[in-house]
Amino acid sequence: MRVTTWNVNSVRQRLEHLVGFLREAKPDVLCLQELKCMDEAFPRAEVEAEGYTAAVHGQKGFNGVAILSRASFQEEAVSGLPGGVEDLQARYVEGVVPAGKGIARVASIYLPNGNPIGTEKFAYKLAWMDRLIAHARGLLAYEEPLILAGDYNVIPEPRDAKDPKAWVDDALFQPESRQKFRELLALGFTDALRATSDAGDLYTFWDYQAGAWQRNHGIRIDHLLLSPQAADRLRGVVIHKEMRALEKPSDHVPVSVDLDL
DNA sequence: ATGGCTAGGCCCCCTAGA
């Protein structure tokens, strides 16, 4: 099965690209982030016409996440990251889909950006990561194929940026952000891309500004984390870089894992 | 040298993104 993550930067602005991607890349499950619309405005009919069912956790204007699946969800999706009583931001949705003879659990994650550092936004990012770690620890106990896919807004290592120096004062590359990302991995997850390649120049985001795409001034911040039961089935990873060269692209490109499930 | 582009909403100027 193929599971893909993509920060679409407005699902309504990107509808043509989304439909094209579903037809070309044929993901079994597609995790979307930054829908930038409420549930009612999600293009459900258009997605269903392509053979997908959608679990949508929308929000007006900002954030918003969804999971599209070819197969029906096995249970009701979980909307919102558990443990956040006061958290109204739509950044997490989790669902269970059939996979082979069993199931796979998939989460679509839009981790807070956290800029600028030293503000409540950065504190929110770190607190959100702590909640994600706590929840992920609980999910691992199920010993299922589990894929935590999304825009983590974390550059894990210097080789994950074309110009690491440009990011030293950015929330995405702070030691605390990277430490918590490692803490998450240390629970027992595999960073799918790094399980298949040690290469640099593997980016998933290029800013709209300053000719970042033309200069390949990219960063790798969209990740698929696999539980041991999923990692054992990892066949390959694809960064759909060609999507960034389209007219009116998202600033992120889709990233897929292919699993023998 | 320069926050240089894109999107949404409170819509002609602001916030947010990363």
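Every chain is numbered from 1 and lettered A, B, ... according to where its sequence line falls, protein lines coming before strand lines. Below, all heavy atoms of this structure are taken into account, side chains as well, without hydrogens, waters or symmetry copies.
For A/Lys60, counting side-chain heavy atoms from C-beta on, the closest listed nucleotide (B/dC10, B/dG4, B/dG17) is B/dC10. You'll find that the side chain of A/Phe62 is closest to B/dA16, out of B/dA16, B/dG17, B/dG4.
Here A/Val96 is tied into one hydrophobic group with A/Ile103, each link being a pair of ILVMFWY side chains closer than 4.5 Å.
Looking at which nucleotide of DNA chain B each of A/Tyr208 and A/Arg91 is closest to, the 5′-most match is held by A/Tyr208. Both A/Phe205 and A/Ala210 lie close to DNA chain B; mapped to their nearest nucleotides by heavy-atom distance, the more 5′-ward contact belongs to A/Ala210.
One interatomic measurement links the two molecules: OH of A/Tyr124 to C1' of B/dA16, which rounds to 14 Å at whole-angstrom precision. One interatomic measurement links the two molecules: CG of A/Asn115 to C1' of B/dA16, which rounds to 11 Å at whole-angstrom precision. Going from atom CG of A/Asn7 over to atom C1' of B/dG17 covers 9 Å, rounded to whole Å. Residue A/Leu15 contributes atom CG, which lies 14 Å from atom P of B/dA7 at whole-angstrom precision. What separates CH2 of A/Trp213 from P of B/dT6 is a distance of 15 Å, to the nearest Å. Between the P atom of B/dA16 and the CG atom of A/Leu172 lies a distance of 16 Å, rounded to the nearest Å. B/dT6 atom C1' lies 6 Å from atom CG of A/Asn9, rounded to whole Å. B/dG8 atom C1' lies 14 Å from atom CG of A/Asp251, rounded to whole Å.
Judged as a side chain to side chain contact (heavy atoms under 4.5 Å, CB included), and not counting sequence neighbours, the contacts of A/Gln89 are A/Gln59, A/Asn63, A/Asp87, A/Arg91, A/Tyr124.
Side-chain atoms of A/Ser108 come within 3.5 Å of backbone atoms of A/Leu32 as a donor-acceptor pair (strictly under, hydrogens ignored).
Taking 4.0 angstrom as the limit, A/Gln59 places none of its side-chain polar atoms (N or O) nearer than this to OP1 or OP2 of B/dG8. When the side-chain nitrogen and oxygen atoms of A/Arg215 are compared with OP1 and OP2 of B/dG4, none of them lie within a distance under 4.0 Å. Under 4.0 angstrom from either OP1 or OP2 of B/dA7 there lies at least one side-chain N or O belonging to A/Arg14. Contact check, A/Ser10 against B/dT6: no side-chain N or O comes under 4.0 Å of OP1 or OP2.
Residue A/Asp222 is classed as having no contact, given no heavy-atom separation below 4.0 Å to the nucleic acid. Here A/Asp170 lies out of heavy-atom contact (under 4.0 Å) with every strand. Contact annotation for A/Lys121: backbone-only contact, meaning every heavy-atom pair under 4.0 Å involves sugar-phosphate atoms and none involves a base. Nucleic acid contact class of A/Gln13 (heavy atoms, under 4.0 Å, all strands): sugar-phosphate only. Note on A/Asn63: nothing from the nucleic acid sits closer than 4.0 angstrom, heavy atoms only. Within 4.0 Å of A/Phe173, counting heavy atoms only, lies no atom of the nucleic acid at all. Contacts of A/Arg244 with the nucleic acid, taken as non-hydrogen atoms under 4.0 Å apart, are absent. Residue A/His252 is in sugar-phosphate contact alone, with no base atom involved, counting any heavy-atom pair closer than 4.0 Å across all strands shown.
Spacing between B/dC10 and B/dT6 at atom P, rounded to whole Å, works out to 23 Å. Comparing B/dA16 with B/dC11, their P atoms are spaced 16 Å from each other, to the whole Å. For the P atom pair drawn from B/dC12 and B/dT2, the interatomic distance equals 31 Å after rounding to whole Å. B/dC14 sits 28 Å from B/dA1 when the P atoms are compared, rounded to a whole Å.
Counting all heavy atoms, side chain and backbone alike, A/Pro228 lies closest to A/Gly188 at CD-O, 3.4 Å.
There is no side-chain donor-acceptor pair under 3.5 Å between A/Asn113 and A/Lys125. With no hydrogens or angles considered, a side-chain donor-acceptor pair links A/Tyr52 and A/Arg70 at under 3.5 Å.
Listed by residue number, A/Glu34, A/Lys36 are the residues of residues 33-46 of chain A with a heavy-atom contact under 4.0 Å to DNA chain B.
Environment of CD in A/Glu16: sparse, with no more than 12 heavy atoms of neighbouring residues, nucleotides or ligands closer than 6.0 Å.
Salt-bridge check for A/Arg2 with A/Asp28: failed, with every basic side-chain N at 4.0 Å or more from each acidic carboxylate O. Under a 4.0 Å N-O distance rule, the pair A/Arg194/A/Asp160 qualifies as a salt bridge.
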